[in-house]
Participant: 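Take this structure, written in structure tokens, and hold onto it; I'll ask about it next.
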Amino acid sequence: MHEAWYRLAMILVVTAGFWEGVMAAVFKLFTDKEPGVATAVNHLDEPWCYVGAAGVVLLTLVVLGFLDRAHKKALARG
């Protein structure tokens, strides 16, 4: 995996995971903003939006692990 593509993928995954997971929960807890496209899990009812946000964070960590493993494998190959 080329270094630039790896870094771009990591930035995009972290940004999407942080915004859709952590920030969606913060918006739900501390603001009166209506749910939008950028915080899709907030369209769920009260307890399930937090479960959805935690699921997004977990999925983000899994994808980051996959990207890191693929990057290390590519570096080992040459």
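Side chains are part of it too, since the values below use all heavy atoms of this structure and drop only hydrogens, waters and symmetry mates.
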Participant: List the atom pairs, with distances to 0.1 Å, where a side-chain N or O of residues 8-15 and a protein N or O form a donor-acceptor pair under 3.5 Å, not counting sequence neighbours.
Facilitator:
unit_1	atom_1	unit_2	atom_2	d
Thr15	OG1	Ile11	O	2.7

Participant: Pairs in or reaching into residues 38-64: which pass side-chain hydrogen bond (donor to acceptor under 3.5 Å, both in side chains), with residues at least two apart or in two chains?
Facilitator: Glu46-Tyr50

Participant: Under the side-chain contact (heavy atoms from CB on, under 4.5 Å) test, which residues partner Leu58, sequence neighbours left out?
Facilitator: none

Participant: Filter on ring pair (Phe, Tyr, Trp, His ring centres under 6.0 Å), then keep only pairs touching residues 8-42, sequence neighbours left out; what's left?
Facilitator: Trp19-Phe27

Participant: Please collect all salt bridge (charged side-chain N to carboxylate O under 4.0 Å, His left out) contacts where either partner lies in residues 55-72, sequence neighbours excluded, each pair once.
Facilitator: Asp68-Lys72

Participant: If you look at every heavy atom in Gly21 and Ala53, which pair is closest and at what distance?
Facilitator: O-CB, 3.3 Å

Participant: Please name the pair of heavy atoms, one in Glu20 and one in Ala38, separated by the smallest distance, quoted to 0.1 Å.
Facilitator: OE1-O, 2.7 Å

Participant: Can Val56 be reached from Leu44 by stepping across I, L, V, M, F, W or Y side chains whose heavy atoms are under 4.5 Å apart?
Facilitator: no

Participant: Please say yes or no: joined through hydrophobic side-chain contacts below 4.5 Å, possibly via intermediate residues, are Val22 and Leu64 part of one cluster?
Facilitator: no

Participant: Taking only residues at least two apart or on different chains, which pairs with a member in residues 5-19 satisfy salt bridge (charged side-chain N to carboxylate O under 4.0 Å, His left out)?
Facilitator: Glu3-Arg7

